[in-house]
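Because the structure is predicted, anything quoted here is derived from the model rather than measured.
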Amino acid sequence: EAPDDTEDERPIYYGSELVVVSDRPERFEPFMPGSESLDGNLAEEVARTPHVTAGGYGPSVYPAVRGLSAEHVGFEYDGVPLNSLQNGLADLALFEVLELSATVVRGPFARTAAGRPAQAAVSLRPSGGPATGVSIASGSQRTGTRASLRHGDLSFRVGLFSDSGYAPRTSAGGFGLEVGSRTQWGDAALTYVKMDRSVPGPGPDWPYGDGSAFAGSLEDELVIARAGLNPISIARPGFYLTRQEQNYRDATSDPTHITTSGGAIVELDLTGFSPGTKITGAFDRSRLDSRDELNPNLGIHSRTSASVVASHTIEHGALQFAVEGAGSYTSDFDAAMTGALAAAYVSDPLRAWVSWGRSYRAPTMNELYWPEDSWSAGNKDLDPETVTTMEAGVEAGIGIIGASVAAYRSEARELISWVMSEVDWKSRPTNVGEADLRGIELELGADLGDVALDYAASFSTAEDAGSGMALPY
């Protein structure tokens with residue numbers, strides 16, 4: 001029996017959304033350019049989707065959207081939040097071994113299932129491909145093998161992956177395993193990913209001499225366990241445990257970071273009492289254990305977080321309205337309130353919307369507790385960043401032709417950036433001030449059946465709110 005995922009659907013009418021499907025040829029909306037089917041390297045394909053950029057060190061991939069850093073992107077796997085307590089990031093490249101589908105959402109209503117406020121969200125899910133099968137793909141640099149098996153209520157998936165040219169002077173190899181089961185009480189799954197990668201270090205043209213000493217290796221082990229109970233009255237509870245161990249090794253350093261987290265997410269569907277109303281509560285406890293035999297280390301730190309998100313939608317013919325309010329708490333910072341408002345006109349050939357939203361980002365453990373050395377140090381006095389975004393857009397389709405345009409403005413406050421002190425000449429993360437980011441996103445497309453043509457362009461600016469000077473984008 002195919003899984004029923006209707007309860008996980010989210011409104012798409014209040015912001016720009018694009019969907020990346022790595023394993024099956026379908027389009028999210030027939031008239032929506034940018035919602036395309038993709039095969040091959042999931043990390044690279046997400047990075048190539050319209051209006052998404054990707055950065056990282058060596059073979060790591062961290063998607064970023066609309067000029068804000070990758071820490072502002074919420075990341076989840078099958079509803080489990082994965083943004084690292086250490087650096088606020090989640091490495092998309094780790095999931096290359098498994099067959100997945102990915103959804104990338106940007107705009108004021110971007111949010112993960114756990115309710116994390118974000119300017120964009122990346123949601124990965126196990127693929128909806130055949131229940132049983134084997135696929136093998138091989139090229140001059142990349143080889144991947146995936147197999148899946150379903151027997152009754154038990155499912156099993158495994159993947160092997162190797163790449164000798166993931167990035168310049170790098171290689172990668174990994175193994176993934178996932179086991180899932182459905183019972184009369186609900187469903188449960190366990191995912192294990194092991195990835196070993198080489199990190200190139202500075203190239204031969206490095207101006208400071210031979211950079212070969214900084215070439216190293218990166219080893220990751222990730223375990224994700226989750227369980228979702230069947231609805232109990234109006235509540236649907238879910239629970240998760242995660243553990244990620246990462247070791248980086250070169251001639252000068254050997255840090256190991258072990259991050260564990262456990263939490264619960266409870267969704268309340270109040271449709272029977274108040275149509276269009278949903279409430280989600282989330283709780284998370286995370287712990288970071290960092291050590292380095294050759295250098296000072298981050299040490300051991302923990303953070304408890306909780307959030308409650310309430311949303312309400314109203315439909316009146318072709319008009320739709322949405323309001324969302326969220327209260328969030330982190331144990332090392334004060335409580336914060338965020339929210340979003342939107343109105344939309346939705347018809348068969350046309351969709352138009354306006355939206356407003358506010359998000360925030362708490363400092364990471366790297367930013368707070370980076371071990372002091374001769375060049376850098378953390379800053380325990382940091383404040384969370386806040387971002388307020390306004391967006392308006394319209395999209396339409398006539399026959400096989402589709403087009404969309406969206407304009408946005410984001411006001412970022414208390415931005416965190418590493419700044420060199422004029423007192424001791426050390427770099428420290430600092431709340432440097434304010435920035436205004438503006439942009440227009442354009443997409444054109446034509447669906448010719450077996451062939452799809454898409455064109456996307458972004459026009460954007462970023463400037464310091466105080467001086468008006470342009471900022472690097």
Leu382 side chain reached by Asn431 side chain, heavy atoms, under 4.5 Å: yes

pair Phe161-Phe175: side-chain heavy atoms closer than 4.5 Å: no

Ignoring hydrogens and angles, state whether a donor on the side chain of Ser261 or Thr242 is under 3.5 Å from an acceptor on the partner side chain. yes

So Val432 and Val419, do their side chains get closer than 4.5 Å, heavy atoms only? yes

Distance only, no hydrogens: is a donor on one side chain within 3.5 Å (strictly under) of an acceptor on the other, for Thr386 and Glu414? no

Looking only at atom types and distance, does a side-chain atom of Asn83 sit under 3.5 Å from a main-chain N or O of Leu89, one as donor and one as acceptor? no

Side chains of His257 and Gln244, donor plus acceptor under 3.5 Å: no

Does Arg66 qualify as a cation-pi partner of Tyr408, given the criterion of NZ or CZ under 6.0 Å from the six-membered ring centre and within 45 degrees of its axis? yes

May I ask you to check whether Glu267 and Thr280 show a side-chain donor-acceptor distance below 3.5 Å? no

What one should report as the nearest heavy-atom pair of Ala121 and Thr112 is CB-CG2, 4.3 Å

Pair Lys426, Glu372 - check salt bridge (charged side-chain N to carboxylate O under 4.0 Å, His left out), show working. CA-CA 9 Å; Lys426 294 182 180 181; Glu372 186 169 1; 2.7 Å; yes

Does Gln86 offer a backbone N or O that forms a donor-acceptor pair with the side chain of Ser84 under 3.5 Å? yes

Under 3.5 Å, side chain of Thr183 to main-chain N/O of Trp185, donor-acceptor pair present? yes

Any side-chain donor-acceptor pair under 3.5 Å between Ser148 and Arg157? no

For Ala412, is there any backbone N or O sitting under 3.5 Å from a side-chain donor or acceptor partner on Glu434? no

List the steps and the verdict of side-chain contact (heavy atoms from CB on, under 4.5 Å) for Asp91 and Phe75. CA-CA 9 Å; Asp91 191 352; Phe75 200 101; over 6 Å; no

For Ser307 and Ala114, indicate whether the former's side chain and the latter's backbone hold a donor-acceptor pair under 3.5 Å. yes

Can you confirm whether Ile224 sits close enough to Leu82 that some side-chain heavy atom of one is under 4.5 Å from a side-chain heavy atom of the other? yes

Side-chain donor or acceptor of Asn366 paired with backbone N/O of Asn87 under 3.5 Å: no

Check step by step if side chain to side chain donor-acceptor pair (under 3.5 Å) holds for Asp292 and Ser290. CA-CA 7 Å; Asp292 187 340; Ser290 178; over 6 Å; no

Using the ring of each side chain (for Trp, its six-membered ring), is Trp370 parallel, tilted or perpendicular to Trp418, with breaks at 30° and 60°? perpendicular

When you measure from the side chain of Ser460 to the backbone of Gly439, do you find a donor-acceptor pair of N or O atoms at a distance under 3.5 Å? no

Taking the basic N atoms (NZ, or NE/NH1/NH2) and the acidic carboxylate oxygens, is any pair closer than 4.0 Å for Arg197 and Asp220? yes

Which is it for Glu221 and Arg243 under the salt bridge (charged side-chain N to carboxylate O under 4.0 Å, His left out) test, yes or no, and what are the steps along the way? CA-CA 8 Å; Glu221 278 190 312; Arg243 183 184 188 275; 5.1 Å; no

Walk me through whether Thr330 and Tyr360 qualify under side-chain contact (heavy atoms from CB on, under 4.5 Å). CA-CA 12 Å; Thr330 53; Tyr360 84 104; 4.0 Å; yes

Can you check whether Ser355 reaches Pro108 side chain to side chain, under 4.5 Å on heavy atoms? yes

Before accepting this row, confirm whether a basic side-chain N of the pair Glu367/Arg428 lies closer than 4.0 Å to the acidic partner's carboxylate O. no

Determine yes or no for a side-chain-to-main-chain donor-acceptor pair under 3.5 angstrom, with Asp187 supplying the side chain and Arg182 the backbone. no

Answer yes or no: is there a donor N or O on one side and an acceptor on the other, between the side chain of Asn247 and the main chain of Pro255, under 3.5 Å? yes

Closest non-hydrogen contact found for Ser410 with Val387 is CB-CG1, 4.1 Å

Distance only, no hydrogens: is a donor on one side chain within 3.5 Å (strictly under) of an acceptor on the other, for Glu178 and Thr191? yes

With the threshold set at 4.0 Å, does a side-chain nitrogen-carboxylate oxygen contact exist between Arg413 and Asp436? yes

Looking only at non-hydrogen atoms, find the nearest pair between Ala113 and Glu76 and report the distance. N-OE1, 2.7 Å

Side-chain donor-acceptor contact under 3.5 Å, Glu71 with Tyr62: no

Exam field: side chain Gln246 to backbone Thr256, donor-acceptor pair closer than 3.5 Å: no

Chi angles and distances behind the side chain to side chain donor-acceptor pair (under 3.5 Å) call for Asp284, Tyr240: CA-CA 9 Å; Asp284 180 272; Tyr240 63 85; 2.6 Å; yes

Tyr77 side chain reached by Pro126 side chain, heavy atoms, under 4.5 Å: yes

Can you establish whether the number of heavy atoms outside Asp334 located under 6.0 Å from its atom CG is more than 12? no

Please step through salt bridge (charged side-chain N to carboxylate O under 4.0 Å, His left out) for the pair Glu293 and Arg291, ending with a clear verdict. CA-CA 7 Å; Glu293 300 296 335; Arg291 52 184 180 269; 5.5 Å; no

N-O pairing of Arg111 and Glu324 below 4.0 Å: yes

Worked verdict on Thr304 versus Arg285 for side chain to side chain donor-acceptor pair (under 3.5 Å): CA-CA 5 Å; Thr304 300; Arg285 174 70 174 178; 2.6 Å; yes

